[in-house]
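Okay, so here's the structure we're looking at.
Because the structure is predicted, anything quoted here is derived from the model rather than measured.
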Amino acid sequence: MMEGHRHDAAWPVSRIGIVIKQARLATMQRPAWRPETLPLDIAAAVVVSGRSAETPDQDSELTWTGAVLMRGSEVLDSHVVKNVAATPYIPGLLALREGQLLCAAITALRACPDVLIVAAAGRDHPRQAGLALHLGAVLGIPSIGITDRPLMAQGTYPGPRRGDTSTLLLDDIEVAQWVRTVTGVRPLVAHAGWCTTAEVAAAVLLSCTSHLRAPQPLREARRLARLARNREQNPNSDHRR
DNA sequence: GCGACAG
DNA sequence: ATCTTGTCGC
């Protein structure tokens with residue numbers, strides 16, 4: 001951990017099929033990564049969108065991508081990059097819109113994390129390679145995905161207490177888990193990603209969550225991205241929180 | 001009637 | 001994601 005970063009990594013828009021094959025290989029041939037030294041160095045990145053002055057009727061053309069690197073509750077590095085999205089959001093093709101943005105934001109971090117958290121699906125995907133898995137494969141970093149609900153996988157809700165989990169299956173394979181991060185609050189989905197299992201994804205999620213539902217690194221990345229957007233798009237209002 | 005495939 | 005409305009805890 002904390003070694004130099006691969007700044008040569010680029011988003012292979014035209015080679016998603018190769019990434020999918022790699023994903024299948026990783027599942028069968030690569031040893032699944034699991035946490036060893038604690039606390040983990042966790043990176044998270046997330047895209048928030050805004051209104052473009054040029055095309056106010058087209059929704060969400062401008063984007064702000066926040067990226068953070070955290071060790072425990074300590075923020076080691078963070079930044080936000082503004083962009084124009086290449087495509088609109090298309091369900092199932094999130095990687096087309098956000099892949100390049102997240103890839104650039106993460107590689108701009110000064111150090112390499114142990115694991116990457118992305119607000120997207122992993123192996124729970126029509127082609128077994130959602131954006132969270134794509135990013136990990138391209139960057140060579142173990143990755144997990146976190147979403148509000150599964151994309152295709154099926155499973156029942158877990159018990160009501162923090163730490164309770166349940167299996168989400170796609171074609172009889174466990175691709176994700178429901179995870180109760182706060183007692184009595186709607187659970188999140190922890191997705192198996194690049195070199196990670198659903199079980200590891202759930203453990204990583206629980207390791208960086210406490211009294212709030214969402215994982216701290218993702219919250220921080222989103223907070224910074226929204227702050228940057230709001231300062232630019234609503235210069236009059238205050239932006240506390 | 002609306003949405004039903006991540007954000 | 002973003003927006004709106006409702007509920008809950010401090």
Strictly below 4.0 Å: does A:Arg226 bring a side-chain N or O up to OP1 or OP2 of C:dA1?
yes

Distance in angstrom units between A:Gln233 CD and C:dA1 C1', rounded
14 Å

Note: A:Thr196 and A:Pro142 closest approach over all heavy atoms is CG2-CB, 4.1 Å

Spacing of the P atoms in B:dG1 and C:dT5 (rounded, Å)
23 Å

Atom CG of A:Leu101 and atom CG of A:Asn83: how far apart are they, to the nearest 0.5 Å?
5.0 Å

CG of A:Leu94 versus P of B:dA6: gap in Å, rounded?
9 Å

Would you kindly give the CD-to-P distance between A:Glu61 and C:dA1, to the nearest whole Å?
19 Å

All stems that DNA chain C takes part in, i.e. 3 or more consecutive Watson-Crick or G-U pairs with distances under 3.5 Å, are none

Under 4.0 angstrom, heavy atoms only, what part of the nucleic acid is A:His191 near: base, sugar-phosphate, or nothing?
nothing

Round to the nearest Å and state the distance from A:His211 atom NE2 to C:dG9 atom C1'.
12 Å

Under 4.0 Å, counting only non-hydrogen atoms across every strand here, what does A:Asp148 touch: a base, just sugar-phosphate, or nothing?
sugar-phosphate

Salt bridge check, A:Asp171 against A:Arg123: does any charged N sit closer than 4.0 Å to a carboxylate O?
no

Over all strands shown, is A:Ile90 touching base, sugar-phosphate only, or nothing at heavy-atom distances under 4.0 angstrom?
nothing

May I ask you to evaluate whether A:Arg127 reaches the phosphate of B:dA6, defined as a side-chain N or O under 4.0 Å from OP1 or OP2?
no

Are A:Trp64 and A:Val68 joined in one hydrophobic group, where the rule is that I, L, V, M, F, W and Y side chains link up if heavy atoms are under 4.5 Å apart?
yes

Exercise: identify the closest heavy-atom pair between A:Ala190 and A:Leu205
CB-CD2, 4.2 Å

Linking I/L/V/M/F/W/Y whenever their side-chain heavy atoms sit closer than 4.5 Å, directly or via other members, would A:Ile117 and A:Leu76 fall into one cluster?
no

Is there a path of hydrophobic side-chain contacts, each under 4.5 Å between heavy atoms of I, L, V, M, F, W or Y residues, that connects A:Trp194 with A:Trp33?
no

Between B:dG7 and A:Ser49, is there an OP1 or OP2 to side-chain N/O distance shorter than 4.0 Å?
no

Whole angstroms only, please: what is the CZ-C1' distance between A:Arg97 and B:dC5?
16 Å

Should we count CD of A:Glu199 as having more than 12 external heavy atoms under 6.0 Å?
no

Nearest-Å distance for atom pair CZ/P, residues A:Arg213 and C:dG9:
17 Å

OP1 or OP2 of B:dA4 less than 4.0 angstrom from a side-chain nitrogen or oxygen of A:Arg149, does that happen here?
no

Tell me what A:Ala119 touches on the nucleic acid: a base, only sugar-phosphate, or nothing, going by heavy atoms under 4.0 Å.
sugar-phosphate

Rounding to an integer number of Å, can you tell me how far A:Asp171 CG sits from B:dC5 P?
16 Å

Heavy atoms from C-beta onward define the side chain here; which of B:dC5, B:dG7, C:dT2 lies closest to that of A:Arg229?
C:dT2

Please report, rounded to the nearest Å, how far the C1' atom of B:dG7 is from the CD atom of A:Glu98.
5 Å

